[in-house]
Novice: 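The structure's right below; bear with me while I get my questions together.
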Amino acid sequence: MTKKLLIRDLTLRDGQQSQFATRMKQGQVDRLLKSFNKAHFYAMEVWGGAVPDSVMRYLGEDPWARLEKVKAGVGDASKLTALSRGRNLFGYNPYPEDVIEGFNRNAIKSGIDIMRIFDALNDIDNMKSTIKYVKENGGMTDCCICYTVDPKFSRKDKIKALFSGKKLPDNLFSIDYFVNKAVELEKIGADMISIKDMAGLIDPATAAKLISALKSAVKIPIDLHTHCTPGYGLGSALMAMVNNVDIVDTVIMPFAGGPAAPAFELVQVFAQKLGFDTGVELSAVREIRRELFKIREELAQFDQYKRFPVDFDPTDKLDPAIEKLFDDAITAAKNNDAETVTTLTQQIEKHFNFPAPNEIVRVAQIPGGMYTNMLAQLQAGKIEHLLPKVMATVPIVRLAAGVPPLVTPTSQIVGTQAVSSVISLNSGKDMYANTSVQFVNLVKGGYGKTPWPVDPAFRKQISGKSEEQPYDTSKHVKQVNEIQEDLGGMKLAANEKEELLLELFPAVAKPFLRKKREADFREELKAAQDKIDEGNRALLEGLSGDVLS
């Protein structure tokens with residue numbers, strides 16, 4: 001009996017977000033839908049993440065319309081997936097229950113089959129509401145565990161901690177940590193578990209151990225979601241496959257590699273050689289790939305690499321030397337030789353012209369986006385020479401804040417604070433002289449439970465109180481749906497979906513919805529004028545008839 005390997009395609013969400021700042025226009029998406037309908041991926045991640053914000057902010061397009069058009073084009077050929085942050089949805093602060101319920105109900109109504117739910121702190125309490133409302137509305141719950149590693153401290157910091165009596169985390173993010181989270185999520189209703197490795201830090205050896213342990217601990221499907229930034233992505237996918245992972249997340253070749261997920265085409269070659277049936281129609285993927293190469297050229301201004309991979313089809317005959325790399329990688333994976341798997345899969349990606357591993361990200365063990373954000377902040381102040389100090393400060397700040405996984409938004413919070421701390425120290429001030437509202441909220445417990453306890457004395461220093469202060473959603477102030485007096489008394493948001501946009505993205509949704517209402521008002525005026533003109537024509541025709549008679 002042929003073994004199954006399910007593929008979740010990320011091209012239209014995570015792929016374009018990782019590579020091209022989520023700048024695909026609706027027209028570009030539309031060009032792909034007919035072929036995606038024929039491709040029959042198990043699932044397609046198409047919405048959530050940065051998509052709703054970006055399509056309004058940069059493209060002036062309606063996020064709900066994007067989702068509904070994708071659903072109309074793909075139909076039931078693949079399950080559509082969206083990504084959300086549980087109680088936080090798309091923001092920092094947790095939202096009230098009615099907002100969480102409304103968002104998930106409307107997302108499923110508009111075409112989402114699987115809601116991929118994560119929390120930046122791996123706080124399962126922050127995921128419960130979404131799980132409840134997704135299941136009540138007939139959706140599937142894909143519950144993510146954010147993969148991360150322990151902070152790497154310098155020898156100096158370790159000695160300092162030893163003499164101060166402070167304990168440093170040691171093997172906090174162990175295999176057992178992730179397995180225990182998965183077991184708890186299965187108990188509260190998860191339909192599947194995803195290892196969400198946003199920084200690409202899960203190396204092949206760890207991928208093998210973790211997938212094997214998860215398959216033994218839970219009965220629901222396991223999905224590996226990783227990126228290729230530090231050079232582990234393809235090798236970790238292979239090790240996961242050998243250890244019976246159920247689903248692998250991939251991106252079609254022109255949008256794959258580098259900061260994005262592994263290329264579907266390369267994973268498909270491994271699947272074929274291992275005897276796995278992915279169920280994907282390769283001729284349809286060929287059509288998508290050809291169109292994606294054109295779209296990548298159209299997105300050139302947002303393309304940070306401008307390095308196109310080789311146009312390769314899994315049905316193509318491989319050069320014997322390259323085929324040997326695939327075969328040897330499989331042999332190494334079966335022998336649990338992760339080091340050789342890493343070397344060989346990196347050689348395979350090099351042959352297909354994917355970006356080289358990012359050594360800074362690999363050594364620092366932080367997301368690539370976090371690194372570039374910190375560098376940009378320093379460059380803006382013309383103090384980029386302080387970058388090494390910032391990199392050394394990241395684990396100190398992260399420890400003080402409870403060792404959160406470095407995923408959106410905690411990666412930005414910790415990174416921004418590390419920059420602020422170095423600037424303060426450089427000016428002779430206390431390293432926490434300047435703190436963001438988000439850092440204060442993280443430390444005081446406003447975003448949920450951190451994996452490591454925050455020192456009560458530090459919490460008092462930062463927030464004014466030593467005890468935890470959970471966020472109180474009863475104090476949430478709902479956005480006002482303002483009457484547009486100059487547009488005939490229209491409300492800014494015309495329906496519940498637009499009200500949700502206003503609630504979740506107020507700064508971006510207000511100007512976007514204002515333009516929509518202006519367009520609606522112009523249409524109303526035009527329709528009214530057309531009606532007047534039609535009446536006048538009828539009147540004139542009637543008068544002409546009277547004269548002639």
Side-chain angles (χ1 to χ4, degrees), residues 2-7 9 11 15 39 41 200 203-205 207-208 211 224 226-245 248-258 260-290 292-293 296 305-359 362:
T2 305
K3 295 180 289 184
K4 292 279 186 182
L5 175 70
L6 302 178
I7 301 291
D9 176 76
T11 304
F41 287 102
D203 58 78
I211 297 301
L224 177 65
T226 189
H227 291 244
C228 297
T229 320
Y232 297 136
L234 184 61
S236 294
L238 173 59
M239 290 296 271
M241 291 161 68
V242 169
N243 284 276
N244 300 311
V245 74
V248 173
D249 287 8
T250 65
V251 174
I252 296 174
M253 209 150 184
F255 281 26
F264 162 73
E265 291 83 350
L266 303 186
V267 170
Q268 176 67 25
V269 172
F270 280 127
Q272 290 167 181
K273 288 178 173 291
L274 287 165
F276 289 125
D277 177 15
T278 63
V280 177
E281 178 53 59
L282 299 182
S283 61
V285 176
R286 190 180 306 126
E287 295 172 3
I288 298 167
R289 185 169 56 252
R290 288 170 181 167
L292 286 175
F293 274 116
R296 182 163 182 173
Y305 288 96
K306 294 182 173 58
R307 176 174 176 163
F308 282 49
V310 173
D311 186 358
F312 168 72
D313 191 275
T315 61
D316 291 347
K317 184 173 176 57
L318 287 163
D319 178 276
I322 304 306
E323 183 145 28
K324 188 174 187 303
L325 291 177
F326 279 97
D327 292 337
D328 289 350
I330 289 172
T331 299
K334 288 180 175 179
N335 291 331
N336 205 30
D337 182 357
E339 187 175 340
T340 300
V341 167
T342 302
T343 300
L344 294 174
T345 50
Q346 287 180 358
Q347 288 177 17
I348 289 168
E349 290 192 305
K350 182 179 180 181
H351 170 78
F352 288 102
N353 202 40
F354 286 107
N358 185 318
E359 291 300 315
R362 184 183 65 80

Novice: Nearest 0.5 Å, please: how far is CZ in Phe354 from CZ in Phe308?
Specialist: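 The CZ atom of Phe308 sits 12.0 Å away from the CZ atom of Phe354.
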Novice: Test Thr340 against every option in Asp337, Asn336, Thr342 by the side-chain hydrogen bond (donor to acceptor under 3.5 Å, both in side chains) rule and name the one that passes.
Specialist: Asp337
Novice: Test of understanding: with side chain to side chain donor-acceptor pair (under 3.5 Å), list the residues that count as partners of Thr345, not counting sequence neighbours.
Specialist: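 If we apply the side chain to side chain donor-acceptor pair (under 3.5 Å) test to Thr345, skipping adjacent residues, there are no hits.
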Novice: How many angstroms lie between CG in Leu325 and CD1 in Ile348, if you round to the nearest 0.5 Å?
Specialist: 5.5 Å
Novice: Could you pull out the closest heavy-atom pair between Pro314 and Leu282, with the gap in Å?
Specialist: CB-CD1, 4.2 Å
Novice: Say you draw a straight line from CG of Asp328 to OG1 of Thr331; how long is it, rounded to the nearest 0.5 Å?
Specialist: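 With rounding to 0.5 Å, CG (Asp328) is 6.0 Å from OG1 (Thr331).
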Novice: Give, for atom CD of Glu265 and atom CZ of Phe352, the distance between the pair rounded to the nearest 0.5 Å.
Specialist: 9.5 Å
Novice: Below 4.5 Å, heavy atoms only, C-beta onward: do Asp9 and Ile252 meet side chain to side chain?
Specialist: yes
Novice: Minimum heavy-atom separation for Asn243 and Ala208, please, with both atom names.
Specialist: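 Asn243 and Ala208 have their closest heavy atoms at ND2-CB, 3.4 Å.
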Novice: Would you mind reporting whether Arg362 and Pro357 have side-chain heavy atoms less than 4.5 Å apart?
Specialist: no
Novice: Could you pull out every donor-acceptor pair under 3.5 Å between side chains of residues 268-277 and any protein atom, sequence neighbours left out?
Specialist:
unit_1	atom_1	unit_2	atom_2	d
Gln268	OE1	Thr278	OG1	2.9
Gln268	NE2	Gln272	OE1	3.2
Lys273	NZ	Glu323	OE2	2.8
Lys273	NZ	Asp327	OD1	2.9
Asp277	OD1	Gly279	N	2.9
Asp277	OD2	Lys4	NZ	3.3

Novice: Taking the side chain as everything from C-beta on, heavy atoms only, tell me whether Arg289 gets closer than 4.5 Å to Leu292.
Specialist: no
Novice: What closest approach, in Å, do Val245 and Leu224 show between heavy atoms, and which atom pair accounts for it?
Specialist: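 Heavy atoms of Val245 and Leu224 come nearest at CG2-N, 4.0 Å.
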Novice: For Glu349, what residues pass the side chain to side chain donor-acceptor pair (under 3.5 Å) criterion, not counting sequence neighbours?
Specialist: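 Once residues adjacent in sequence are excluded, Glu349 has no partner under the side chain to side chain donor-acceptor pair (under 3.5 Å) criterion.
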Novice: Would you be so kind as to tabulate the donor-acceptor pairs closer than 3.5 Å made by side chains of residues 228-242, with sequence neighbours excluded?
Specialist:
unit_1	atom_1	unit_2	atom_2	d
Ser236	OG	Ile202	O	2.6
Ser236	OG	Tyr232	O	3.1

Novice: With Asn244, which residues qualify under side chain to side chain donor-acceptor pair (under 3.5 Å), at least two apart?
Specialist: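 Asn244 satisfies side chain to side chain donor-acceptor pair (under 3.5 Å) with no other residue.
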Novice: When rounded to the nearest 0.5 angstrom, what distance separates CD1 in Ile288 from CZ in Phe264?
Specialist: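 Here the rounded value is 9.0 Å.
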Novice: Any sub-3.5 Å donor-acceptor pair from Arg296's side-chain atoms to Phe255's backbone N or O?
Specialist: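 No; zero donor-acceptor contacts below 3.5 Å.
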Novice: Test of understanding: with salt bridge (charged side-chain N to carboxylate O under 4.0 Å, His left out), list the residues that count as partners of Lys350, not counting sequence neighbours.
Specialist: none
Novice: CG/Asp311 to CG/Asn353 distance, rounded to the nearest 0.5 angstrom?
Specialist: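 Between atom CG of Asp311 and atom CG of Asn353 there are 12.5 Å.
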